[in-house]
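Notes follow the structure.
Just so we're on the same page: letters track the sequence lines, and every chain starts at 1. Bear in mind the structure is a predicted one, so any value in this text is a computation, not a measurement.
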Amino acid sequence: MEKIKVIVGDKSGQFEKGTPIGEIFKKFNIKGAIGALVKPLEEIKREEPKEDLLKDSKATDSGIFDLHTPLEFSAEVKPIYKGSKEGLEIMRHTLAHILAQALSELYGRTKVHLGIGPTTENGFFYDVEIEGVHLKEEDLPKIEEKMKEIVKRDLPIERIELSREEAKKLFKELGEKYKLQIIDRIPEGEKITVYKQGDFVDLCRGPHLPSTGKAGEFKLSHIAGAYWLGRSDQPMLQRIYGVAFWTKKDLKNYLNFLKEVKKRDHRKLGRELEFFTIDNNIGAGLILWLPRGALYRKLLEDFLREEHYKRGYRFVYTPHVGKSVLWKTSGHLEFYKENMFPPMEMDNETYFVKPMNCPFHIAIYKSKVRSYREFPLRFFELGTVYRYELSGVLHGLLRVRGFTQDDAHIICTEEQVESEIKEALKFALDILKVFGFNEYKVYISTRPEKSVGEDHRWEVATNALIKAVTDLGLDYDVDEGGGAFYGPKIDIKVKDAIGRFWQLSTIQFDFNLPERFDMTYIGADNKPHRPYMIHRAVLGSIERFTGVLLEHTAGLLPLWISPTQVIVLPIADRHNGYAQKVAEKLKTAGFRVEIDLSEESLGAKIRKAELLKIPYMLIVGDKELENQTVAVRGKKEGKNLGTMKVEEFAEFLKEKIKEELKAVS
RNA sequence: GCCGGCGUAGCUCAGUCGGCAGAGCGGGGGAUUUGUAAUCCCCAGGUCGCGGGUUCAAGUCCCGCCGCCGGCUCCA
């Protein structure tokens, strides 16, 4: 029998190939493990050179296994215990099975047809079809009870390897039509395993806990429909979601997190702050900006324009529609039609509303003969585009049918590519920093199999992307072959205040459109050349970004972009005159000020301003009138910040804004 | 688009078994002149998403449409 070497901690030993990990642990006198982290020995020795990342971003064969799994190769094996992060993965997976078992006990084993039951970021789900049963949210507590009961039974979990024929026979008997499909998709030569707990058997490759009693705290969260295999031509299964953690405290924290998410929902904030609305009679996914929101948006747009101008971008404006010949040349009618609004006929011509700005910017480029001396050209537009999105995916400001991109096209020579990318990337990061997005993930996507463009250009472009990222000292992931067919790209995902990631910036090369539109410039050699074109957006969609920022800040926007920065609250109406004087002074100093002249009590005025999340309230009464001062209350601080002269307060605001904008100053 | 849930006043929601459509907030008017998150009183707001059907009678039951919400491979 073949021997393998196993290292556990600072000890090692020889075992027969195929010894279950649990037995190995027993030999090393390790107790209480629920699984193992396995690293093949060969992989440990192999150094991974950084340059190789592009060619091989795949992880090693290491992974999380359960105690039943036979070890087939020499490896370092680390026990995983209850309470550990790696253990969560195992536990959640087992909970998915416990859910399936609960369903089959409640509704009958042969009535329940199981789909897939994987773990998720915070729990697990199982896709099921139950004959004659449509589950409702109200059914969840009952299922949850059953699951708890199964956990209490503490059933040992067995791992059994089956031949393809045995597996097929078993799942045919159980009426598991979806599992049979899965078996057919398992590649020849790969092991087929089932896991058994009590009399419940499920096709699964594991890993699983040693017994059901080792499961942690969980809660079934909701039900949703999900296509089998995610394909709309397949039956719709019922997906039951659960969340699971080791401790009650972690579970509670997560449920609190969900509450926080709800509280920050930009749709709710958008209504409360009177920022935007969506009108049924206008159309789904089409945004109406209310005055307060419009001001917020205008401030954002002004800021973007200014920052682009400072960095050598030139403004362009383009129309919302264009003739079909344009979209034919660009290839949109061929490859993007299902995302475009339907055509409009006029004067024997067919027009389309634009889903992208690029063809228009290219037309501007082509409006005259271009020389290398003008390069790099950077065209910028807050360009409004319309895209047909499926009605089911529309979501507040985050997913809409009409939106405005902070869109730019950089057109340059090969020599300029590297510095242009670096500048664009740095620009994007500076802007993100202004909004308090200091943590991000950077992804570089490389050439997919089906693509256009010369090898040389792909190489130049991809290297420029990598160089820009490494020069700026950023970590990045490579999405091998994940680029668009027309060029490689960098995507930036930012982390918000409660840890969620949002994809915002993107920098993409385009080798397709310059060819299609035959873009050229005259080089120093007096001959025509094909320029490089880079498409980039910092915030992506203005609508989406304003929504993301609302969620990130929980509606408490930075001072510089708050539609109302200050509200003056006179205590009694004999203070109105002075309050108006204060407001005037601040307006003259360039701040956005409101004044509450209603006959409400001070408490009510404060509450109203608090709900509108106005950053600063100035309370003026007898004392302030006499001393010509204002009493400042900060929204963020939720209390009185002291009394000062109006000039002092203006200075204070100025400093605050300067600090907020320091990333771009 | 598909599955499930939902759609009642500007907002949040109640409305039993099919029997005259409600509350709070917000809005308007009045009183009150207030010191750090809601002063009191009065009043006006509705094609119960839209269209059709069943019924003596529909917010309520049935059908169609529109919209909103949660989801739609995170590979056994």
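F275(A) and Y296(A) have their aromatic ring centers within a separation under 6.0 angstrom. You'll find the ring centres of F245(A) and Y254(A) inside the 6.0 Å limit.
When distances run from any side-chain atom of A572(A) to the nucleotides rC72(B), rU12(B), rU33(B), the shortest one goes to rU33(B). Each of rC69(B), rG1(B), rC3(B) was ranked by its minimum atom distance to the side chain of R267(A); first place goes to rC69(B). When distances run from any side-chain atom of I606(A) to the nucleotides rA37(B), rG70(B), rG1(B), the shortest one goes to rA37(B). When distances are taken from the side chain of L602(A) to each of rA37(B), rU33(B), rU36(B), the shortest belongs to rU36(B).
G603(A) comes within 4.0 angstrom of the backbone, heavy atoms only, and of no base. Among the protein residues, A224(A) comes within range of the nucleic acid bases, having at least one heavy atom under 4.0 Å from a base atom. Counting any heavy atom pair closer than 4.0 Å across all strands shown, E600(A) reaches a base atom. Residue Y388(A) is in sugar-phosphate contact alone, with no base atom involved, counting any heavy-atom pair closer than 4.0 Å across all strands shown.
If you measure from atom CD1 of I614(A) to atom P of rA37(B), you get 15 Å, rounded to the nearest angstrom. What separates CG of D573(A) from C1' of rU34(B) is a distance of 10 Å, to the nearest Å. When rounded to the nearest whole Å, the span between CG of L612(A) and P of rU36(B) equals 21 Å. Rounded to a whole Å, the CD atom of E626(A) is 17 Å from the P atom of rG35(B).
For the P atoms, the distance from rC6(B) to rC17(B) is 16 Å, rounded to whole Å.
A 6.0 Å sphere centred on CD of E439(A) holds no more than 12 heavy atoms belonging to other residues, nucleotides or ligands.
Note: F200(A) and H97(A) have perpendicular aromatic rings, judged against thresholds of 30 and 60 degrees for the angle between ring planes. In this structure, F649(A) and Y616(A) have perpendicular ring planes: the angle between them is above 60°, well past the 30° mark.
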Are any protein N/O atoms closer than 3.5 Å to N/O atoms in nucleotides 74-76 of chain B? If there are, list each pair with its distance.
residue : atom : partner : partner atom : Å
rA76(B) : OP2  : R205(A) : NE           : 3.2
rA76(B) : OP2  : R205(A) : NH2          : 2.9
rA76(B) : O2'  : K179(A) : NZ           : 3.4
rA76(B) : O2'  : L203(A) : O            : 2.1
rA76(B) : O2'  : C204(A) : N            : 3.3
rA76(B) : N6   : E190(A) : OE2          : 3.1

